Amino acid sequence: MKAIRVHEFGGPEVLKLEEVPDPQPGPGQVVVRVHAVGVNPVEAYIRTGTYAAKPNLPYTPGGDSGGVVLAVGPGVKRLKAGDRVYTTASLTGTYAEQALCDEAKVQRLPDHVSFEQGAAMGIPYGTAYRGLFQRAEAKPAETVLVHGASGGVGTAAVQLARAAGMVVIGTAGSEDGMKLVMEQGAHHALNHATEGYLDELMKLTEGRGVDVIIELLANKNLARDLTVLARKGRVAVIGNRGTIEINPRDAMSREADIRGVTLMNTSDAEYKEMHAALIAGLESGALHPVIGERIPLAEAARAHAEIMRASGARGKMVLVA
Ligand code: NAP
């Protein structure tokens, strides 16, 4: 089969398409014929070799995909060859025509959901779910600001919050992005590239502020976030690309919490809860991943170059294998 291989850490050009042996499933393992691969910023960070998680070289990137089970190993009970599935982690990497996975990391994909949409579930929807419910403990009737709502994680957070009965305000950096955010179910959209957009937020909440902030670019926004939180408010920090100075008094006076979010810290029990909820959302239609550019697997290097020029409003980028 064909797979993207990384033999040295570096720029996008280190992603090379090669011929490798087909994976064979061992006990409790599943081989998936990958049709679509979710491309996430973290895979670009890992590829540079400067990220906390550093795989042994050579390796094939990726954990998110949508496809069909090709073969199962001894002891696999939940899945069989021919099942439509999405994967959230892989032992051999999903930037490939086939991926070997632990059975536990392979989930059934409802019939009406495309492979591309399945490929958008693992990191984006998993992270949005973890941020919103497992870390920020957001509740129905609360008001949520999704700060960076036009991207993969942000659109997922808007859909999840709306479906759970929250008042949802989302930000984007363009008119197209704001339109996308409204289409995902936000009650209001603001433009984070304009002056004074957080003053508008305070008007929308009649001066009270928001209960929860899902923060996708904390190094830019955390200081201001703390000033627009309601009492007992929570900021879930999901995305961060640098440092920032905050005034702790803003958290103190509101008894506010800053809560870090790391998807990789999800326990087995939390993972089960997360994907039961996400699959129910796919089945009901409340969750409907927005797919943007479809790039051939062979052009993974172009996908990595593009993913770091972060601009929302384009939907989830996928590789097609
Ligand atoms: P993405 O699809 O590229 O989206 C990036 C988002 O950031 C867009 O909505 C973009 O909006 C927004 N943004 C740009 N400038 C902003 C600003 N000044 N304020 C607020 N938002 C701004 O990326 P993604 O896959 O959603 O991931 C987003 C971030 O979360 C990345 O840094 C990623 O590494 C991180 N992440 C962390 C975890 C974790 O476990 N902690 C898991 C997954 C992802 P516009 O383009 O419309 O301006």
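Start at 1 and go down the list; that is how both ligands and their atoms are numbered. For clarity, every value in this text was computed on a predicted model and none was experimentally measured.
- Heavy-atom proximity to atom 22 (C) of ligand 1, evaluated over E306, H192, M317, E215, is greatest for H192.
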For residues 69-76, please give each side-chain donor-acceptor pair under 3.5 Å, one per line with the distance, not counting sequence neighbours.
none

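- Atoms of ligand 1 lying under 4.0 Å from any heavy atom of G152, numbered from 1 in the order shown and given with element: 2 (O), 26 (O).
- For R241, the heavy-atom gap to ligand 1 drops under 4.0 angstrom.
- The shortest N/O to N/O separation between I307 and ligand 1 does not fall below 3.5 Å.
- Between F9 and Y59, the ring planes are tilted. Angles from 30° to 60° get that label.
- For atom 21 (N) of ligand 1, the nearest non-hydrogen atom from the set G148, P124, G177 comes from G148.
- Of all the atoms in ligand 1, the ones that sit under 4.0 Å from a non-hydrogen atom of K220 are 18 (N).
- Between Y197 and H147, the ring-plane angle classifies as perpendicular under the 30° and 60° cut-offs.
- Near G173, meaning under 4.0 Å from one of its heavy atoms, ligand 1 places the atoms 45 (P), 47 (O), 48 (O).
- Annotation for ligand 1: atoms under 4.0 Å from non-hydrogen atoms of I123 are 43 (C).
- Here's the thing with V42: none of its N/O atoms is less than 3.5 angstrom from an N/O atom of ligand 1.
- For ligand 1, the atoms lying closer than 4.0 Å to a non-hydrogen atom of T262 are 40 (O).
- Of all the listed residues (I238, V153, V261), V153 holds the heavy atom that lies closest to atom 24 (P) of ligand 1.
- Checked against a 3.5 angstrom limit, the closest N/O atoms of P41 and ligand 1 fall outside it.
- Of the polar atoms of K316, none of the N or O atoms is found under 3.5 Å from an N or O of ligand 1, judged by distance alone.
- The ring-ring contact (aromatic ring centres under 6.0 Å, His included) pairs that include a residue from residues 232-284 are Y86-H275, Y271-H275, where partners are two or more places apart or lie in different chains.
- Around atom 10 (C) of ligand 1, the closest heavy atom drawn from A149, S150, G154 belongs to S150.
- In this structure, R78 places its CZ atom where more than 12 heavy-atom neighbours from other residues, nucleotides or ligands lie under 6.0 Å away.
- Those atoms of ligand 1 with a heavy atom of L217 less than 4.0 angstrom away are 15 (N), 16 (C), 17 (C), 18 (N).
- For E19, the CD atom is densely surrounded, since the number of other residues' heavy atoms within 6.0 Å is greater than 12.
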